[in-house]
S.K.: 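I am attaching a structure below and will ask some questions about it afterwards.
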Amino acid sequence: MSYMKGDMLTRTRKLVKGLAKAEPSWLKAMERVPPPTFPRPDGKVKKISLPEDVYIRKFFLKHPDSKHEDAIKMTAFNPPPARVFGCRVLELKEEGVSEEEAMAVADMEYRAEKKAKRMAYARLKQITRLQGKKLPPNPYPSAIKEIQAEERKYVRDRFFDPKILKIVEKMKEEKAAVMQDRMRGGGW
């Protein structure tokens, strides 16, 4: 019935009229008092746009690496840097600053914050080295490095897993057999 158009009432009417289904007991009552129909959109879903979206696009054009380094974390309470940048530009524009100056100020603040985070982690590493302790994990890692850290155990596992080593040996033997066949057959 999913291929038929219309609501449940019109579908059931068609099936009963075509003798494909016996008339259900509720059909007459539903025909007398049909369910309300709600207006439907014409198939187009309106795109949600926020005022800062224009500046977010400009931010990503200026800092394309930020898409990977400053990934959006769904569980985080802090907004991503691009959203902070866009909101800051709007805030400065409301205060009467021109758009170019507002973007320059917001960009300068973004770069300063990024540099401060790098410097703070560098200082933290210096302190732990002086104390002779284990280095702490980077509190501001890039998304790429986080993914690589998760995959690292699987990458290393391929060198020590006996199943994978057997598969590699089998592939080497097959390759050696193919090479011997080529040499006997006179080349390509």
Side-chain angles (χ1 to χ4, degrees), residues 1-6 11 15 20-21 41-50 52-87 103 106-188:
M1 250 176 46
S2 63
Y3 61 88
M4 295 174 65
K5 291 186 178 180
R11 288 179 183 181
L15 289 172
K21 183 176 184 179
D42 56 347
K44 297 177 184 173
V45 178
K46 293 181 181 176
K47 186 176 179 182
I48 299 172
S49 63
L50 299 172
E52 66 264 20
D53 286 350
V54 174
Y55 303 110
I56 291 172
R57 276 189 222 95
K58 289 180 181 180
F59 175 83
F60 283 132
L61 288 174
K62 192 166 191 173
H63 303 284
D65 56 332
S66 179
K67 288 181 183 177
H68 308 293
E69 291 178 2
D70 304 320
I72 298 172
K73 294 183 175 116
M74 296 299 179
T75 57
F77 290 103
N78 300 330
R83 180 95 25 215
V84 172
F85 176 86
C87 291
M103 287 184 61
D107 186 51
M108 182 181 66
E109 290 172 357
Y110 167 72
R111 289 175 191 247
E113 181 182 349
K114 198 169 180 180
K115 185 176 180 181
K117 285 180 180 180
R118 254 195 329 266
M119 296 296 287
Y121 183 59
R123 181 68 182 137
L124 183 63
K125 287 196 305 190
Q126 281 180 340
I127 292 169
T128 54
R129 283 188 187 121
L130 290 173
Q131 292 176 347
K133 294 181 180 178
K134 183 182 172 187
L135 290 176
N138 188 352
Y140 315 109
S142 71
I144 294 172
K145 289 185 180 179
E146 286 181 354
I147 292 168
Q148 287 174 344
E150 289 174 10
E151 293 176 344
R152 192 167 292 125
K153 77 173 192 176
Y154 300 110
V155 171
R156 288 189 181 143
D157 195 32
R158 70 179 179 194
F159 297 112
F160 304 109
D161 187 7
K163 293 177 186 175
I164 293 174
L165 292 174
K166 285 180 185 177
I167 293 170
V168 169
E169 284 298 317
K170 195 180 286 186
M171 289 174 68
K172 284 181 182 178
E173 290 171 4
E174 289 173 1
K175 186 176 180 181
V178 168
M179 292 303 286
Q180 284 181 353
D181 288 346
R182 282 187 185 166
M183 297 306 266
R184 281 192 216 135
W188 302 92

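Nothing fancy with the numbering, it's 1 onward along the sequence.
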S.K.: What pairs with Asp161 under salt bridge (Lys or Arg N to Asp or Glu O under 4.0 Å), at least two apart in sequence or on another chain?
M.R.: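 Asp161 satisfies salt bridge (Lys or Arg N to Asp or Glu O under 4.0 Å) with no residue once adjacent residues are dropped.
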S.K.: If the condition is ring-ring contact (aromatic ring centres under 6.0 Å, His included), which residues does Tyr55 pass it with, not counting sequence neighbours?
M.R.: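 Per chain and number, Tyr55 pairs via ring-ring contact (aromatic ring centres under 6.0 Å, His included) with no residue.
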S.K.: Does Gln180 have any side-chain contact (heavy atoms from CB on, under 4.5 Å) partners at least two apart in sequence or in another chain, and if so, which?
M.R.: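 Expected list: Arg184.
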S.K.: Would you mind reporting whether Met108 and Met103 have side-chain heavy atoms less than 4.5 Å apart?
M.R.: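 Heavy-atom side-chain distance check fails, nothing below 4.5 Å.
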S.K.: Thinking salt bridges, do Glu174 and Lys170 make one under a 4.0 Å N-O criterion?
M.R.: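 The answer is no: the pair does not qualify as a salt bridge.
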S.K.: Work out which heavy atom in Ile56 is nearest to a heavy atom in Ala82; give both atom names and the distance.
M.R.: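 For Ile56 versus Ala82, the nearest heavy atoms are CG1-O, 3.4 Å.
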S.K.: Under the rule for side-chain contact (heavy atoms from CB on, under 4.5 Å), what residues qualify as partners of Lys115, not counting sequence neighbours?
M.R.: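 If we apply the side-chain contact (heavy atoms from CB on, under 4.5 Å) test to Lys115, skipping adjacent residues, the hits are Arg118, Met119.
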S.K.: With sequence neighbours left out, write down each residue that passes side chain to side chain donor-acceptor pair (under 3.5 Å) with Gln126, or none if nothing qualifies.
M.R.: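 By the side chain to side chain donor-acceptor pair (under 3.5 Å) rule, Gln126 matches Arg123.
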S.K.: Considering residues at least two apart in sequence or located in another chain, which fulfil the side-chain contact (heavy atoms from CB on, under 4.5 Å) criterion with Leu50?
M.R.: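 With neighbours one apart ignored, the set is Glu52, Asp53, Arg83.
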S.K.: Any idea how Phe85 and Phe59 line up, ring-wise: parallel (<30°), tilted (30 to 60°), or perpendicular (>60°)?
M.R.: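 If you compare the ring of Phe85 with that of Phe59, the planes turn out tilted.
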S.K.: Taking C-beta and beyond as the side chain, do Lys114 and Lys117 meet within less than 4.5 Å on heavy atoms?
M.R.: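 Lys114 does not reach Lys117 side chain to side chain.
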S.K.: Of all residues at least two apart in sequence or in a different chain, which pass the side chain to side chain donor-acceptor pair (under 3.5 Å) check with Lys62?
M.R.: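 With neighbours one apart ignored, the set is Asp107.
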S.K.: Would you please name every residue forming a side-chain contact (heavy atoms from CB on, under 4.5 Å) with Leu124, sequence neighbours left out?
M.R.: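 If we apply the side-chain contact (heavy atoms from CB on, under 4.5 Å) test to Leu124, skipping adjacent residues, the hits are Tyr121, Pro136.
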S.K.: Any chance you could lay out the side chain to side chain contact (heavy atoms under 4.5 Å, CB included) test for Thr128 and Lys134, step after step, and finish with the verdict?
M.R.: CA-CA 7 Å; Thr128 54; Lys134 183 182 172 187; over 6 Å; no
S.K.: If we only count heavy atoms from C-beta on, is the Val54 to Lys58 side-chain gap below 4.5 Å?
M.R.: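 A side-chain contact under 4.5 Å exists here.
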S.K.: Are Lys172 and Lys175 side-chain neighbours, meaning at least one heavy-atom pair lies under 4.5 Å?
M.R.: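 Lys172 vs Lys175: side chains apart.
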S.K.: Check side chain to side chain donor-acceptor pair (under 3.5 Å) between Gln148 and all other residues, then give those that pass, not counting sequence neighbours.
M.R.: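 Residues passing side chain to side chain donor-acceptor pair (under 3.5 Å) with Gln148: none at all.
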